[in-house]
Amino acid sequence: MILLSLIGLKVNKAYSQDQNSRTATYKLQQTWLKTLQKQPGSELPYTEISGLIVNETLHIGKPSIKAAWNELTGSDQIIKYDTLAYFQLYPGQLFVHGIYTTDKGTAFHSIIGWKKSESWVKVFEAIAPKSGVTENSKTEIGLLRSSWELYSNQHRPELIAKNVFAGEGRYFYKGVEYVGMQIADAYGYMKNDSYSIDLTPQKIIQVNNQIVYEVGMYDTGGQGLYFLLWFKKGEEWKLWLDFNF
């Protein structure tokens, strides 16, 4: 576990945690896993606007997500899921970091965004294979995050889309994906002169040499949780996906 280890990170442990939310989502996850073992892709705990990102590919909606899980489990059967950490600020919203393990011993890091309306569903999940890490991504990602904050607080969302995101990067929000310079339009609220944001990472997960997961808290006067996926393409780290509730 790499927790708040990037240079210059601010520590904030003010998030609350609800044991009932933990228990309910854990039971749903374990029930779904048993079903997945028998019939891959069935009884998906997702909605029609949920997103699943496998490595760097984003799937939206049940049919696409089901196909992705069928492909994932086509040769390796997932036999176990272990929860590592919970992140929660408000009732009805929860990030969970866990590990899937297959019958062949392959491990996948997972970040699940659970949301409750009538019942708990996965509105978002990221999954990628865990492997040995031979390089240090701390400095590059720390600088990119600082740039994201700086451009945001300068009310220049177009610079975030151009300089922080990869060209194929995505902002995924409420079932809609924004790609490339569409992200600047989606971030249009940043142009308000009174807008400011502060990002406080809560957990940094070096999944492998190409992918880093980040779960953190943003503060714009009100607080919320965010997820970022950083991806190394060629020699450069870039922001590949931004998701929040």
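The cluster map of Ile, Leu, Val, Met, Phe, Trp and Tyr, joined by side-chain heavy atoms under 4.5 Å apart, puts Phe245 and Ile49 in different clusters. Linking Ile, Leu, Val, Met, Phe, Trp and Tyr residues whenever their side-chain heavy atoms come within less than 4.5 Å leaves Leu143 and Leu159 in two separate clusters. Hydrophobic clustering places Val176 together with Ile183 (ILVMFWY residues linked when any side-chain heavy atoms are closer than 4.5 Å, directly or through intermediates). Residue Val179 is not grouped with residue Ile60 when hydrophobic side chains (ILVMFWY) are merged at heavy-atom distances under 4.5 angstrom, including chains of intermediate members. Note on Val164: it does not cluster hydrophobically with Met181, by side-chain heavy-atom contacts below 4.5 Å among ILVMFWY residues.
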Stepwise side chain to side chain contact (heavy atoms under 4.5 Å, CB included) test for Leu241 and Leu228: CA-CA 6 Å; Leu241 184 130; Leu228 301 177; over 6 Å; no
Walk me through it: do Phe243 and Tyr173 pass the test ring pair (Phe, Tyr, Trp, His ring centres under 6.0 Å)? CA-CA 6 Å; Phe243 167 80; Tyr173 182 65; 8.0 Å; no
Where do Tyr81 and Leu36 land on the side chain to side chain contact (heavy atoms under 4.5 Å, CB included) test, with the steps shown first? CA-CA 12 Å; Tyr81 172 83; Leu36 185 68; over 6 Å; no
Please assess Lys203 against Phe87 for the test side chain to side chain contact (heavy atoms under 4.5 Å, CB included), listing each intermediate value before the final yes or no. CA-CA 9 Å; Lys203 191 170 188 180; Phe87 305 89; 3.7 Å; yes
Show, in sequence, the C-alpha distance, side-chain angles and deciding distance for Tyr178 and Arg170, and conclude whether the side chain to side chain contact (heavy atoms under 4.5 Å, CB included) test is met. CA-CA 5 Å; Tyr178 303 89; Arg170 273 120 168 100; over 6 Å; no
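Using a 4.5 Å heavy-atom threshold, the side chains of Ser152 and Ile197 count as touching. Looking at heavy atoms from C-beta onward, Ile111 lies in side-chain contact with Val215 at the 4.5 angstrom threshold. For the pair Trp32 and Leu44, the minimum side-chain heavy-atom distance is below 4.5 Å. Considering only heavy atoms from C-beta on, Val121 stays 4.5 Å or farther from Tyr46 through its side chain. Within the 4.5 Å cutoff, the side chain of Thr101 has no heavy atoms near those of the Ile78 side chain. Between Lys191 and Pro157 the shortest side-chain heavy-atom distance falls below 4.5 Å.
Cation-pi contact between Lys27 and Trp120: absent, since separation from the ring centre below 6.0 Å together with deviation from the ring axis within 45° is not met.
Here the straight-line distance linking atom CH2 of Trp230 with atom CZ of Phe165 works out to 8.0 Å at 0.5 Å rounding. Here the OG-CD distance, from Ser147 to Gln154, works out to 9.5 Å after rounding to the nearest 0.5 Å.
Paired with Ser110 under the rule side chain to side chain donor-acceptor pair (under 3.5 Å), one option of Gln29, Glu125, His97 passes, and it is Glu125. Between Tyr100 and the choices Ile79, Asp82, Asp76, Ile127, the side-chain contact (heavy atoms from CB on, under 4.5 Å) rule is met once, by Ile127.
Proximity of the aromatic rings of Phe124 and Phe227 is defined here by a centroid distance below 6.0 angstrom, and this criterion is met. The aromatic ring centroids of Tyr171 and Tyr187 lie less than 6.0 Å from each other.
Here the closest heavy-atom approach between residue Val207 and residue Pro129 is recorded as CG1-O, 3.4 Å.
The main-chain N or O of Ile53 is never found under 3.5 Å from a side-chain atom of Thr57 such that the two would form a donor-acceptor pair. Checked by atom type and distance alone, the side chain of Gln88 pairs as donor or acceptor with a backbone atom of Asp18 at under 3.5 Å. Distance alone, capped at 3.5 Å, is enough to place a donor-acceptor pair between the Thr73 side chain and the Trp69 backbone. No donor-acceptor distance shorter than 3.5 angstrom exists from the side chain of Ser131 to the backbone of Asn208, with no hydrogens or angles considered.
In this structure, a donor-acceptor pair under 3.5 Å is absent between the side chains of Gln77 and Thr102.
Crowding of Gln30 atom CD: a count of heavy atoms from other residues, nucleotides or ligands under 6.0 Å exceeding 12.
Electrostatic pairing of Glu140 and Lys232 does not count as a salt bridge here, judged by no charged N lying under 4.0 Å from a carboxylate O. Salt bridge status for Lys233 with Glu168: present, with a side-chain N to carboxylate O gap under 4.0 Å.
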